[in-house]
Amino acid sequence: MITDELSRVIRMAVLSARDAGEYTLENADFEISLETPRNKLHGDYSCSIALAMKKMAGLNNSREIAEKILKYIPAASPILLRTEVAGPGFLNFYLKPEWLYETLRLIELEDIKYGTSSKMVGERILVEFVSANPTGPISVVNGRAAVLGDVLSTLLASQGAVVSREFYINDALNSLQLEKFSHTVLVRYMQEFGHSVIMSSSEDGGADTIEPGVQSSKAAADISPVVFPKDGYRGEYVRDIARGIVAESGDKFLKCSADERDAYFRQATLSRMVAAQKSALEAFGIHFDTWYYESELYSSGSVEKTIQQLKDLGYAYENDGALWLKSSELGDDKDRVLVRSNEKATYIAADSAYHHDKFERGFNHLINIWGADHHGYVARLKAGVAALGHDPQKLEIVLTQMVSLVRDGEAVIGGKRKGNVIELKEDLIDDIGKDAARFYFLLNSYDTPATVDVELAKKQSNDNPVYYVQYAHARLVNILIKAEEMGIQRMPGSKAALALLTHAAELELLRKLTDYPEEVASSARDYSPHRLTRFGMELASLLNVFYENCRVLPGADDPISKELTSARLALVNGARIVQRNLLNLLGISAPDKM
RNA sequence: GCGUCUGUAGCUCAGUGGAUAGAGCAUCUGUCUUCGGAACAGAGGGCCGGGGGUUCGAAUCCCUCCAGGCGCACCA
């Protein structure tokens with residue numbers, strides 16, 4: 001890497017100056033940090049070592065220190081054009097363009113692999129995300145966590161880690177929610193056969209309303225009214241599930257025993273809801289390696305086993321008829337109930353068993369993506385994991401800040417039960433497309449609360465920067481196709497006269513391409529995919545500037561030498577590769593035509 | 001009350017302790033009709049919530065105050 005080379009040169013100079021008696025240094029143990037100046041007038045790389053040395057060297061004037069160091073930086077160098085002291089004492093380095101040409105050859109050589117690394121080889125990471133309750137569709141709110149988890153997984157894999165994506169289905173038998181959900185579906189099912197439905201008001205003292213049954217030839221003989229469950233699920237998707245069952249089984253469940261019917265509805269509503277979630281996520285380009293059922297933790301006995309284990313390890317005790325986890329000894333602010341006095345295990349017992357199982361499956365690093373409203377559970381889960389003998393540091397909880405929804409300037413409130421769900425697929429993806437939706441969510445850090453105005457998102461879809469980025473890619477492809485049609489052969493970068501690339505637009509573009517691998521690595525390290533999105537926009541901007549200023553193919557009244565055309569074609573191809581690789585990482589298509 | 005996240009341009013947000021705080025949208029003004037105009041160039045617009053501190057250097061780290069979001073169950 002060029003930065004390693006530069007650091008070495010600087011270190012040598014600092015030490016040589018000391019040896020020559022320019023200043024004294026207490027120890028030679030110092031960090032050389034190089035940065036890319038925001039302002040390109042400040043060189044290709046900048047080093048603030050002189051400022052940091054002010055104390056170490058016992059001198060007051062850091063500009064003077066910089067001058068002294070500069071004297072020992074070789075003037076003639078294969079990489080350095082010149083070096084200067086600027087501002088309060090920065091050393092600014094201007095590199096020869098040759099090193100930029102070198103990266104162009106590298107991009108061509110590595111192609112699809114350009115931007116990957118092996119920094120995380122040996123890491124086996126399980127990323128668990130979305131894990132929405134199986135009582136409602138994937139909502140727009142889930143969308144943010146979904147795309148974050150997906151792209152984060154891709155990023156980590158690009159650095160050499162083995163990554164698995166997992167969705168945890170809360171289908172535990174002690175969940176009353178599922179009971180209510182399947183009962184709600186049953187009511188809607190009966191409504192399809194002519195039963196009217198009594199809806200009790202959600203407000204205290206409000207009047208009940210009656211929804212008529214569906215009038216059709218298949219109406220049942222007995223159409224006595226049925227009661228909609230209190231706080232049942234009111235969304236339209238509940239009807240869809242009911243209709244699905246009608247289509248598959250007809251009125252079979254009006255005739256069979258209540259036990260048989262309830263058992264079927266329990267199982268069928270769950271599998272249909274999960275299938276619907278799965279397909280909405282697939283439409284968003286998100287594929288999970290594993291769909292993990294909470295119920296399996298119970299049926300396999302692993303919840304019980306985990307509870308016993310905690311007892312054996314001395315991390316569980318009885319009090320008030322319940323079993324408690326000594327989480328306060330493990331970083332939580334109080335102890336938590338593991339098994340209620342009614343003998344039912346709490347979710348923390350299941351979650352401990354679940355995360356224990358994740359480690360048992362051979363993952364050495366767990367990442368969970370949760371909404372910020374769950375932040376209060378972080379400490380107790382870590383405590384559970386620690387009690388079972390795992391390093392809680394290996395369980396990382398990424399909290400995404402809330403997404404609040406606004407529709408036409410008004411806040412959309414209420415959860416799934418009220419049926420106020422804004423569905424990811426139907427209300428967003430179907431309208432603006434997968435690419436724009438993903439880009440929209442990847443624009444900002446997950447750390448800031450986001451406000452999504454659904455109507456505005458649709459309206460702005462034409463101004464969505466994703467098209468700007470994709471357009472730049474399509475333009476590049478178009479040039480390459482056109483060149484082929486004109487019978488111009490593209491030479492490999494190693495053969496082309498790259499030294500002809502001297503225009504500012506070309507050099508800046510090259511520089512950006514050089515920065516790409518470092519940008520991918522730091523986005524993976526900091527879990528910040530949005531930086532890559534921004535990088536894509538900046539790259540697209542540089543591409544358009546290049547396009548505007550540097551004609552590639554010979555035009556009618558625009559003679560361009562064959563050598564320059566071939567050098568520029570090499571640049572176009574390199575830029576195309578980088579833009580495509582970047583879009584691949586984000587799970588957004590890189591179209592040849594738009 | 002305790003915990004936690006956030007406060008940056010009219011709006012939505014970037015900003016790896018570094019030099020003159022940036023982008024997109026919106027507003028205004030130009031280029032040009034091209035190898036694809038879904039483009040390019042430019043302008044206006046900021047006590048980086050307030051106040052202390054650490055540092056050679058703070059939007060960034062620490063403390064404090066103010067404002068907002070979220071959470072504080074033998075629910076998941």
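Numbered from 1 within each chain, the chains take letters A, B, ... in sequence-line order. Computed from a predicted structure; not experimentally measured.
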### Query
For RNA chain B, whose closest nucleotide is more 5', that of A:Asn319 or that of A:Ser48?
A:Ser48
### Query
Heavy atoms under 4.0 Å, any strand shown: does A:Asp592 hit a base, just sugar-phosphate, or nothing?
base
### Task
May I ask which nucleotide in the shown strands pairs with B:C40, Watson-Crick or G-U wobble, both distances under 3.5 Å?
B:G30
### Task
For nucleotides B:G1 and B:C25, find the distance between their P atoms and express it as a whole number of Å.
43 Å
### Task
Please tell me which of A:Gln401 and A:Phe546 maps to the more 5' nucleotide of RNA chain B, matching each residue to the nucleotide holding its nearest heavy atom.
A:Gln401
### Message
If you go through the side-chain atoms of A:Asn544, does one of them form a donor-acceptor pair with the base of B:A38 closer than 3.5 Å?
### Response
no
### Task
Please find out if less than 6.0 Å separates the ring center of A:Tyr45 from that of A:Phe93.
no
### Query
Charged N to carboxylate O under 4.0 angstrom, A:Lys382 versus A:Asp332?
no
### Message
With a 4.0 Å cutoff (strictly under), does any side-chain N or O of A:Arg534 reach OP1 or OP2 of B:C13?
### Response
no
### Task
Return yes if the base of B:G71 and the side-chain atoms of A:His374 contain a donor-acceptor N/O pair under 3.5 Å, otherwise no.
no
### Task
Go through the N and O atoms of the side chain of A:Ser341 and the base of B:C74, and report whether any donor-acceptor pair is under 3.5 Å.
yes
### Message
Please give the distance between the P atoms of B:G69 and B:G10 as a whole number of Å.
### Response
22 Å
### Query
Just checking A:Asn478: base, sugar-phosphate only, or nothing, at a heavy-atom cut-off of under 4.0 Å?
base
### Query
Do A:Tyr468 and B:A39 have a side chain to base donor-acceptor pair shorter than 3.5 Å?
no
### Query
Is any side-chain N or O of A:Ser46 under 3.5 Å from a base N or O of B:A19, one able to act as donor and the other as acceptor?
yes
### Task
Identify whether a stacking contact exists between A:His42 and B:A19, where the ring centres must be under 5.5 Å apart and the planes under 30° apart.
yes
### Task
Decide whether a cation-pi geometry holds between A:Arg475 and A:Tyr547; the criteria are a distance under 6.0 Å from NZ or CZ to the six-membered ring centre and an angle within 45° of the ring axis.
yes
### Task
Would you mind checking if A:Glu166 and A:Lys358 are paired as a salt bridge, meaning a charged N to carboxylate O distance below 4.0 Å?
no
